[in-house]
Every structure is written in structure tokens, then in C-alpha cells.
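Remarks on the structure that follows.
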Amino acid sequence: MEVPTQDEPEYTEVDEARKAHRRLFTLGLLALILAIVAFFFPRCDFDDDDADFGAGTGLTDEQLLELIEENCIIPGETGSEGEQGEPGAAGATGSQGPAGATGPQGEQGTCGPIGPAGPRGEDGRAGAQGEPGAQGIQGIQGVQGPRGSTGATGPAGPKGDTGDTGPAGPPGTGGLGLFGSFYDTCTQPASSANTAYPFRFNNTDFPSSTGVTITGTAGTDGRTFGCVSGSGSAGRPTITFSGSGVFNIQFSAQYWRTQGGTGADISIWLKKNGQNLDWTNTDFTTESNNDKRVAVINWFVPVECNPTCDSYEIWWSSTQDNMELLAVPPVTSPTRPAIPSLILTVNQVGNLPASP
């Protein structure tokens with residue numbers, strides 16, 4: 001326990017009073033001693049100013065003074081008051097008594113009891129379930145009527161002469177109209193970056209097309225399958241029509257990048273009559289080598305025949321080289337068919353709107 005430091009004592013009025021008391025006591029004691037001395041020595045009572053104090057003695061003044069000095073105590077003049085002495089040093093401070101022991105800690109009060117929990121409210125009651133309605137009675141099936149008799153076949157008329165074939169009429173609105181389906185079995189490379197290449201198709205899904213055909217200059221490879229990478233395709237690029245109308249041109253293309261270490265973009269767009277068609281381009285991306293992707297687009301396009309019908313082609317380019325439209329031969333485990341590099345379907349969806 002830390003003992004508090006005691007302040008130095010200060011001189012007070014009580015200390016000054018004690019000092020004055022001691023001085024008075026000392027003076028009183030001195031006066032007592034002088035009184036005792038005076039008691040044993042004779043005292044001469046005369047006034048120094050009295051000129052006749054030696055009359056009748058027959059002695060001169062000098063003799064009389066000498067006699068007095070020998071036998072009497074003459075008080076001398078009171079000396080000046082001496083200087084007050086320095087106050088004595090303060091006494092040493094007494095040692096501080098030991099600190100008292102700390103009293104014991106009072107006992108902690110007990111916790112009050114927990115109040116009882118309130119009563120739980122009653123659970124709501126579920127409403128009663130309604131009774132299911134009665135099932136209606138199934139109606140009676142009607143009786144099938146009797147089959148009518150077959151009418152007699154009329155006699156055949158005489159066969160007329162064969163006339164000339166008339167011009168083809170416009171396609172009907174309720175049928176499929178003109179159509180064609182095509183694909184390519186060769187891998188088609190983009191050997192150079194930022195160079196345009198046409199989509200080529202070397203096979204038709206039907207023995208003969210119905211109003212839509214693939215024409216144009218053939219590619220450099222005459223094989224129908226197993227094309228070597230970089231050799232291109234023997235297919236043709238131009239989609240031609242035998243009649244006018246509105247057509248849906250739709251394709252799917254499997255593509256990848258064979259090497260280069262980075263991704264690349266390819267662009268795919270339409271040409272009409274050999275010219276780029278505005279607002280038909282779309283970009284597709286590969287993120288790394290051997291990353292197979294599929295591009296799918298469809299366009300609705302008008303075809304007019306005046307007198308020659310319009311034609312369309314699909315073109316593509318790549319921002320990097322070593323990009324290919326990929327064809328894959330049949331594979332096993334499980335056995336599954338080959339993958340064409342391109343698939344194209346073209347079908348008529350309507351007639352051209354009438355001129356206003």
C-alpha cells in the first residue's frame with residue numbers, strides 16, 4: 001500500500017507565541033537572579049542630580065563617590081535591546097504510523113427470482129375442409145350411322161390432244177414454297193488474317209432442289225470428304241432462286257483456331273448480287289486454340305426476278321490466321337455421324353408484298 005507523503009510543517013502564530021513565552025521566562029529568571037544579588041548588597045538611595053548629597057560628611061565629592069562605588073551597587077544605564085536570535089531548526093517529523101488493514105468485502109446480494117412465464121396463446125383452428133362435389137354422369141355414346149353405298153363409276157371420256165405447257169404460276173401461300181438444304185464435308189481454312197472467304201457447299205440433302213440451288217465457281221479440292229487442312233472445298237458459294245418471294249436463309253458453322261496461342265474473332269455477313277449487304281455482319285470469338293464453337297445466324301431476305309432472280313452468298317473473315325471452319329469424320333465410343341463444317345437451309349416464307 002502506498003504511504004502518502006507528509007507535507008513539511010509550517011510556522012504558525014502558535015510557534016511565535018511559544019518563542020515569546022520562552023524569552024519572557026528567560027528575562028524573569030534573570031530578574032530573579034539580580035533581585036537575589038541586590039538583596040545581599042546595600043543600596044544607596046540618592047539622586048544623582050542632588051548637589052547636597054554629601055553635606056555633613058566632611059568628605060569631598062570625589063571621596064564620597066569612591067566610597068559609594070566600593071560599597072553600593074549602582075544600576076547602570078539600560079542597554080539597547082539585543083537583536084532577536086534566529087529561530088531554532090524545526091524538529092524532525094515523526095515517523096508515520098502503519099496503515100490500517102483493509103476491511104473485509106461485504107457479501108454480494110442474491111439475485112431475485114425469475115418471474116413465471118406468461119401463458120401461451122391458443123393455436124388457431126384450421127377451417128373445415130369442404131366436401132368434394134359430386135361427379136357428373138358420363139353421357140351416352142351415340143349410335144354410329146350406317147355407311148352409304150358407293151356410287152357407280154362413270155364412263156371415261158375421250159382422250160384429247162396434249163396442249164403446250166403454260167407458264168409456272170406463283171407459289172401458293174399455304175405450302176412450303178421454294179426451298180433447299182445443303183452442307184459441306186471439307187474443313188475450310190482462313191489461311192490469312194483479315195481476308196474475306198466465301199462459305200462453300202459441296203452437297204445437297206435432296207436428289208434435286210426445289211427452286212433453290214447452289215451455283216458459282218467451285219473450290220480447288222475435288223474430293224467430297226476427307227479434305228486436307230488448308231486445301232479448301234470443292235463446293236460452290238452462290239445461293240440462287242427460280243422464283244421471287246421472301247426467303248429465310250439460315251446456317252450453322254463449326255469453327256476453331258488450330259494454333260497461335262491466343263483467341264481470335266471471326267466475322268460473318270451476307271452479300272447480295274456480289275455486293276456486301278448492310279447490317280448483316282456478326283462477330284464470333286474463340287478464346288484459345290482448339291476451342292470449338294458454333295456460329296448460327298438466319299436472315300429474312302427478299303428475292304426479286306426481273307428477269308434474273310437475285311442471288312446471295314455468305315462470307316467470313318478472321319482477325320488471326322490458322323482459323324478454320326471444321327469438318328470432323330465419324331467417331332466411335334459411341335459411334336456417331338460425321339460433323340459437316342457448314343449446314344445451310346433456305347426456304348420461302350412468303351410472297352413479296354404488292355407495290356403500293
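The shown structure was predicted, so the numbers you read here are calculated from the model rather than taken from an experiment. We use all heavy atoms of the structure for the numbers below, so side chains are in, but hydrogens, waters and symmetry mates are not.
Thr258 places a side-chain N or O within 3.5 Å of a backbone atom of Asn322 that can act as its donor or acceptor partner. A donor-acceptor pair is defined here as one N or O able to donate and one able to accept, closer than 3.5 Å; no such pair exists between the side chain of Ser267 and the backbone of Trp316. Put simply, the side chain of Ser318 never gets that close to the backbone of Ile266: no donor and acceptor are under 3.5 Å apart. Using modelled atom types, no side-chain atom of Asn203 and backbone atom of Asp184 make a donor-acceptor pair closer than 3.5 Å. Using a distance-only test at 3.5 Å, with no hydrogens or angles considered, a donor-acceptor pair links the side chain of Gln348 to the main chain of Gly350.
At a threshold of 4.5 Å between non-hydrogen side-chain atoms, the residues Arg257 and Asp321 count as touching. Between Glu304 and Leu352 there is a side-chain heavy-atom pair separated by less than 4.5 Å. In this structure the side chain of Ile214 never reaches within 4.5 angstrom of the side chain of Thr238, judged on heavy atoms. Between Tyr183 and Ile339, the closest side-chain pair of non-hydrogen atoms is not below 4.5 Å. The shortest side-chain heavy-atom distance between Leu344 and Ile314 falls under the 4.5 Å cut-off. Contact check for Ser181 versus Thr204: no side-chain heavy atoms found under the 4.5 Å cut-off.
Interatomic distance, CG of Asn281 versus OG of Ser317, reported as 7.5 Å (0.5 Å rounding). For the atom pair Gln275 CD and Asp278 CG, the distance stands at 10.5 Å (nearest 0.5 Å). One distance of note links CD of Gln188 with CG of Leu325; it measures 5.0 Å at 0.5 Å rounding. With values rounded to the nearest 0.5 angstrom, Asn248 atom CG is found 5.5 Å from Asn347 atom CG. Here the straight-line distance linking atom CG of Leu270 with atom OH of Tyr312 works out to 7.5 Å at 0.5 Å rounding. Rounded to the nearest 0.5 angstrom, Asn273 CG and Asp310 CG are separated by 4.5 Å.
No chain of hydrophobic side-chain contacts below 4.5 Å, direct or via other Ile, Leu, Val, Met, Phe, Trp or Tyr residues, connects Ile343 to Trp315. Val303 and Ile249 fall within a single hydrophobic cluster, where Ile, Leu, Val, Met, Phe, Trp and Tyr are joined by side-chain heavy atoms under 4.5 Å apart, directly or via other members.
Under the ring pair (Phe, Tyr, Trp, His ring centres under 6.0 Å) criterion, the residue pairs touching residues 242-275 are Phe199-Phe251, Phe241-Phe247, Phe251-Trp299, with sequence neighbours excluded. The stretch residues 268-339 participates, sequence neighbours left out, in these disulfide bond (SG atoms under 2.5 Å apart) pairs: Cys305-Cys309.
For the side chain to side chain contact (heavy atoms under 4.5 Å, CB included) with Phe182, the qualifying choice from Val212, Asp205, Ile239 is Val212, the only one to do so. Here the options are Glu313, Lys271, Lys272, the test is side chain to side chain contact (heavy atoms under 4.5 Å, CB included), and the partner is Leu277; only Lys272 passes.
Taking each heavy atom of Gly263 and Gln320 in turn, the nearest pair found is O-CG, 4.0 Å. Residues Pro340 and Ala338 share a closest heavy-atom pair of CD-O, 3.8 Å. Between Ala327 and Thr187, the shortest heavy-atom distance links the atoms N-OG1, 3.1 Å. Here the closest non-hydrogen pair linking Leu342 and Arg200 is CD1-O, 3.6 Å. Closest heavy-atom contact between Lys292 and Gln254: CD-OE1, 4.2 Å. Here the shortest heavy-atom pairing between Ser233 and Cys186 reads CB-CB, 3.9 Å.
Taking Arg293 as the reference, Glu287, Asp291 meet the salt bridge (charged side-chain N to carboxylate O under 4.0 Å, His left out) condition, with sequence neighbours excluded.
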Checklist line | side chain to side chain contact (heavy atoms under 4.5 Å, CB included) between Tyr197 and Ser192, intermediate numbers included | finding: CA-CA 10 Å; Tyr197 298 94; Ser192 300; 3.8 Å; yes

Checklist line | Full working for side chain to side chain contact (heavy atoms under 4.5 Å, CB included) between Val349 and Phe300 | finding: CA-CA 9 Å; Val349 294; Phe300 276 16; 4.2 Å; yes

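With no hydrogens or angles considered, a side-chain donor-acceptor pair links Asp265 and Thr285 at under 3.5 Å.
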